[in-house]
Participant: 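Handing you this structure, nothing more for now.
Note that these values count all heavy atoms, side chains included, but never hydrogens, waters or copies made by symmetry. All chains are named by letter (A, B, ...) in the order of the sequence lines, taking the proteins before the strands, and each is independently numbered beginning at 1. These numbers were taken from a predicted model, which means no experiment stands behind them.
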2 protein chains.
Amino acid sequence: MDSLTIAEQLTVHGIKPSYPRIQIYKYLYTKKNHPTVDDIYNDLIEEIPTLSKTTVYNTLNLFIEAKLVKSFNLDKNEKRYEIIIHDHSHFQCERCNKIYDIPCDDINLLPKEYEGFKVNEKQIFLKGICEECLK
Amino acid sequence: MDSLTIAEQLTVHGIKPSYPRIQIYKYLYTKKNHPTVDDIYNDLIEEIPTLSKTTVYNTLNLFIEAKLVKSFNLDKNEKRYEIIIHDHSHFQCERCNKIYDIPCDDINLLPKEYEGFKVNEKQIFLKGICEECLK
DNA sequence: ATCATATATGTAATGATTACATTTAGGGAA
DNA sequence: TTCCCTAAATGTAATCATTACATATATGAT
């Protein structure tokens, strides 16, 4: 997806496509690495020397409002962000810390006693050792 | 579980049963409300006027080391703590914010492409509207 | 009772996040 | 173009959870 289509994508969701906004969206879209605000800021500051962390926060919160992006917490008190694509779980390796996206079938996680509950969102976070590190 | 058995429980896990430690453990054990550090501190300060928040943090981290307690994050950057009993999910109601423990059968969440991964821990966090609030 | 060590406490530092006020940029109207 | 209005971006300072570290207190053995 090039900058033009990203701009369209943002516009469709009622967001004016400024340069920082496009770059942040593109970063999330192309990197797919569940970055923290720090990750995004440190990587984009070269491309956008005037970027501020506040802008990164504001932009991400704007994207979340627009349901383009979602945030989640792993263990640490530090939010991670990703483009909303399809439902999946996160697996974090305890050795290399890499985060894997795990496809997640549409399992019903509510036993029948809880069928009166309405689930709007589910987050599944797995920890363990990944295949690479087990070798 | 009275204070005596809590003291034994702690001793078995190599933790000297001081008064604050017993009270904090009892709090987690009897309340079962996924408290934050602030919750614990504010509720116990009446019983233990000399309690400090640092002690609450230290004690909880000690319990986690000993695998008596685990912590988890919901949406906010604020840890919640609970006694480790059996695997279960958390459901937080978006309206009343109450957190429900949802029994969670031992579902395998890894598709077969990921069967080389070793899962040590899983956390499932559901958001939605609870039955009470739907009425 | 004394001393060594474990436990608890207080203060200050850190790091993520937000609040708020200021500056900058972009899009119309004259 | 120039002026003006509003949206966007920025910087600074505040807030909140958590940890680091140094000090004080309590406990248990000798």
Participant: Cut-off 3.5 Å, no hydrogens considered: what does the side-chain donor-acceptor table look like for residues 40-50 of chain B, sequence neighbours left out?
Facilitator:
from     : atom 1 : to       : atom 2 : distance (Å)
Asn42(B) : ND2    : Asp38(B) : O      : 3.0
Asp43(B) : OD2    : Tyr27(B) : OH     : 2.7
Glu47(B) : OE2    : Tyr19(B) : OH     : 2.5

Participant: In the 5'-to-3' direction, what one-character label does each nucleotide of nucleotides 13-30 of chain D receive under the scheme B = base within less than 4.0 Å of a protein heavy atom, S = sugar-phosphate only, - = no such atom?
Facilitator: ----SBBB----------
Participant: What is the distance, rounded to the nearest whole Å, between atom CZ of Arg21(A) and atom P of dA25(C)?
Facilitator: 15 Å
Participant: Pro103(B): what forms a side-chain contact (heavy atoms from CB on, under 4.5 Å) with it, not counting sequence neighbours?
Facilitator: Pro111(A), Glu113(A), Tyr114(A)
Participant: Would you please name every residue forming a ring pair (Phe, Tyr, Trp, His ring centres under 6.0 Å) with His13(A), sequence neighbours left out?
Facilitator: none
Participant: On DNA chain C, nearest-nucleotide positions of Ile15(B) versus Ser52(B): which is more 5'?
Facilitator: Ile15(B)
Participant: Hey, could you give me each pair passing side chain to side chain donor-acceptor pair (under 3.5 Å) that has a residue in residues 54-70 of chain A? Not counting sequence neighbours.
Facilitator: Ser52(A)-Thr55(A)
Participant: For residues 123-135 of chain A, which side-chain N or O atoms pair as donor and acceptor with protein atoms under 3.5 Å away, sequence neighbours left out?
Facilitator:
from      : atom 1 : to        : atom 2 : distance (Å)
Gln123(A) : NE2    : Glu121(A) : OE2    : 3.0
Lys127(A) : NZ     : Asp75(A)  : OD2    : 2.6
Glu132(A) : OE2    : Lys135(A) : NZ     : 3.3

